[in-house]
Protein chains: 2
Amino acid sequence: MSIEFRAEQALRLWHAVSMALVHDDKPDLTLRQMTILLTVYLEPPPHTVRGLAARLDVTKPVITRALDTMGRLQLLKRRRDETDRRNVIVQRTVEGSLFLEAFADLVCLKARELPR
Amino acid sequence: MSIEFRAEQALRLWHAVSMALVHDDKPDLTLRQMTILLTVYLEPPPHTVRGLAARLDVTKPVITRALDTMGRLQLLKRRRDETDRRNVIVQRTVEGSLFLEAFADLVCLKARELPR
DNA sequence: GCTAAATGGTACGGCAGCGAAACGATCATG
DNA sequence: CATGATCGTTTCGCTGCCGTACCATTTAGC
C-alpha cells in the first residue's frame with residue numbers, strides 16, 4: 001500500500017474533499033483551526049497554548065481564539081495544568097474524535113474514487 | 001498504484017500539508033477560494049460566475065468576491081464572453097498553474113513521507 | 001517576601017468574507 | 001422596439017479572524 005500519487009491525482013483528491021466540505025452546511029474550520037485540531041489529535045501531548053503557537057509559528061492570540069471557537073464547537077477543550085497553573089492543557093473531546101473520524105473517512109472515500 | 005489509505009494516514013497527510021501551508025507566509029486561500037480555483041483548473045470550461053455558484057452551491061457574490069481576491073493574486077482572470085456579453089468567463093493564468101503545480105508537489109511529497 | 005520571568009487571556013482598530021437585496025447591462029421574446 | 005428575464009456586480013450591516021499591545025495570574029530566583 002504505497003502512498004505515491006501523481007500531481008493530478010493529488011489535485012483531484014483535494015478538490016473532491018474540499019468540494020464535499022463546501023457542500024456540507026456545517027461551518028468550516030479555518031486552515032489554522034484545522035491544523036491546530038489535527039496537531040492536538042495526532043501529536044503526543046501535552047499541548048499548551050504557547051507550544052501550539054510555536055509549533056504552528058503563529059501568535060498566541062491565534063491559538064486562544066481558535067480554542068474559543070473550537071471549544072464552542074466542542075471539538076477541543078481546555079484544562080488548567082494543576083502542576084503549573086500558568087499552563088493550559090488542550091485536550092481532545094469525543095465530538096472532536098468523531099469529527100476527525102468522519103473527515104478521515106471522507107478523504108479515504110474520495111481517494112478510492114480517484115481515476116487511475 | 002492504488003490510492004487506498006487508512007484513516008490515520010489520511011489525517012496525517014492533511015496535517016502535514018496544512019502545516020506546510022500555515023508555515024508558508026503567503027496568504028492562504030479560503031476553503032471556498034481553493035475549491036473555486038481547483039474547479040476552474042480541473043473541470044472542463046467554460047466557467048461562469050453562475051455556473052461556479054451552482055457547482056459549489058454558494059451565492060453569486062461569493063464567486064465575485066473570490067474572483068476579486070484571486071484576480072488580485074493573479075491566480076485567475078476574468079474575460080467577458082463576447083457571444084453573450086452578460087457572461088463572464090473565468091480563466092486560468094500562468095501564476096495559477098504554477099501555484100497549483102507547487103501545491104500538488106507538496107501533497108505528493110507529504111504523501112511519500114507518510115509512515116506505513 | 002520581593003522582584004522578574006513566563007503563561008494565557010483581553011482590548012483595540014482593521015480587514016475580509018458572509019447573505020440578502022438592489023442595481024445596471026445585456027439578451028430573448030413578443 | 002418594449003417588456004421581462006438573465007447575468008454579474010455592488011451595497012449594506014454583520015460576523016469573525018488578524019496582529020499589536022497590554023493585563024492578570026502564577027511561578028522561579030534571590
Side-chain angles (χ1 to χ4, degrees), chain A residues 18-19 21-40 45-92, chain B residues 18-19 21-40 45-92:
Chain A
S18 302
M19 186 69 83
L21 293 177
V22 170
H23 279 151
D24 213 39
D25 45 0
K26 284 177 290 192
D28 9 285
L29 300 181
T30 296
L31 178 64
R32 291 175 170 196
Q33 290 170 346
M34 189 64 174
T35 308
I36 292 170
L37 187 63
L38 285 167
T39 301
V40 170
H47 300 283
T48 65
V49 171
R50 199 167 193 79
L52 288 170
R55 182 78 179 87
L56 302 211
D57 193 26
V58 296
T59 59
K60 282 181 301 173
V62 168
I63 307 294
T64 296
R65 280 186 295 253
L67 294 184
D68 289 343
T69 300
M70 302 175 98
R72 243 176 277 126
L73 297 173
Q74 313 226 333
L75 298 176
L76 286 176
K77 63 184 172 196
R78 287 185 244 233
R79 202 200 64 203
R80 207 84 222 185
D81 181 356
E82 291 303 334
T83 75
D84 182 346
R85 296 187 47 77
R86 285 174 303 184
N87 289 328
V88 159
I89 305 294
V90 183
Q91 289 184 302
R92 313 172 190 184
Chain B
S18 301
M19 187 70 82
L21 293 177
V22 170
H23 280 151
D24 214 38
D25 45 1
K26 284 176 288 192
D28 9 287
L29 300 181
T30 295
L31 177 63
R32 291 177 169 193
Q33 291 170 345
M34 188 64 175
T35 308
I36 292 170
L37 186 63
L38 285 167
T39 301
V40 170
H47 300 283
T48 65
V49 172
R50 197 165 194 80
L52 288 170
R55 182 79 179 86
L56 302 212
D57 193 26
V58 296
T59 60
K60 283 181 298 175
V62 167
I63 307 295
T64 296
R65 281 187 294 255
L67 293 183
D68 290 343
T69 300
M70 301 176 98
R72 244 175 277 126
L73 297 173
Q74 314 224 332
L75 298 176
L76 286 177
K77 65 185 172 195
R78 285 184 246 234
R79 202 199 64 205
R80 209 83 223 184
D81 181 356
E82 291 303 335
T83 75
D84 183 345
R85 295 187 47 77
R86 286 174 301 182
N87 289 330
V88 159
I89 306 293
V90 183
Q91 288 184 305
R92 313 171 188 184

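Below, each value reflects all heavy atoms present in this structure, side chains not excepted, and no hydrogens, waters or symmetry copies. This one's a predicted model, so the numbers in the text were calculated from it and none came from an experiment.
Judged by atom type and distance alone, B/Arg85 does not reach the base of D/dG8 through any side-chain donor-acceptor pair under 3.5 Å.
Checked against C/dG8, D/dA21, C/dC18, the side chain of A/Pro61 finds its nearest nucleotide in D/dA21. Listed candidates were C/dG9, C/dG17, C/dA20. Nearest to the side chain of A/Val49 is C/dG9. The nucleotide whose nearest atom lies closest to any side-chain atom of B/Arg86 is, among C/dT7, D/dT10, D/dA5, D/dA5.
Spacing between atom CD1 of A/Ile63 and atom C1' of C/dT10 amounts to 16 Å, rounded to whole angstrom units. The nearest whole Å value for the distance from the CG atom in A/Asp28 to the C1' atom in D/dT15 is 14 Å. Rounded to a whole Å, the CZ atom of B/Arg50 is 12 Å from the P atom of D/dT9. As rounded to whole Å, 12 Å separates atom P of D/dC18 from atom CG of A/Leu67. In this structure, the CG atom of B/Asp68 is 12 Å from the P atom of D/dT11, given to the nearest Å. Atom-to-atom, CG of B/Asp81 to C1' of C/dA28 comes out at 15 Å; the value is rounded to the nearest Å. Rounding to whole angstrom units, CE of residue A/Met34 and P of D/dC17 are separated by 16 Å. In this structure, B/Asp25 places its CG atom 15 Å from C1' of D/dG19, rounding to the nearest Å.
Not one N or O on the side chain of B/Arg78 forms a donor-acceptor pair closer than 3.5 Å with the backbone of B/Gln91. Formation of a donor-acceptor pair under 3.5 Å by the B/Arg80 side chain with backbone atoms of B/Arg85 is found in this model. Between the B/Thr48 side chain and the B/Gly51 main chain, a donor and an acceptor come within less than 3.5 Å of each other.
Looking at B/Thr30 and B/Thr69, their side chains never come closer than 4.5 Å, going by heavy atoms from C-beta outward.
A sub-4.0 Å separation between OP1 or OP2 of D/dC17 and a side-chain N or O of A/Gln33 is present. Neither OP1 nor OP2 of D/dC17 sits under 4.0 Å from any side-chain N or O of A/Arg65. Contact annotation: B/Arg80 side-chain N/O to D/dG8 OP1/OP2 distance is not under 4.0 Å. At C/dG8, none of the side-chain N or O atoms of A/Thr64 fall inside 4.0 Å of OP1 or OP2 (strictly under the cut-off). Neither OP1 nor OP2 of C/dT26 sits under 4.0 Å from any side-chain N or O of B/Asn87.
Two residues, B/Lys60 and B/Thr69, neighbour DNA chain C, and the one matched to the more 5' nucleotide by heavy-atom proximity is B/Thr69. The residue among A/Thr59 and A/Asp84 whose nearest nucleotide of DNA chain D lies closer to the 5′ end is A/Thr59.
A/Arg78 comes within 4.0 angstrom of sugar-phosphate atoms only, judged by non-hydrogen atoms across all strands, and of no base.
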**Request:** Could you walk me through whether A/Val62 and A/Leu56 pass the side chain to side chain contact (heavy atoms under 4.5 Å, CB included) test, one step at a time?
**Result:** CA-CA 10 Å; A/Val62 168; A/Leu56 302 211; over 6 Å; no
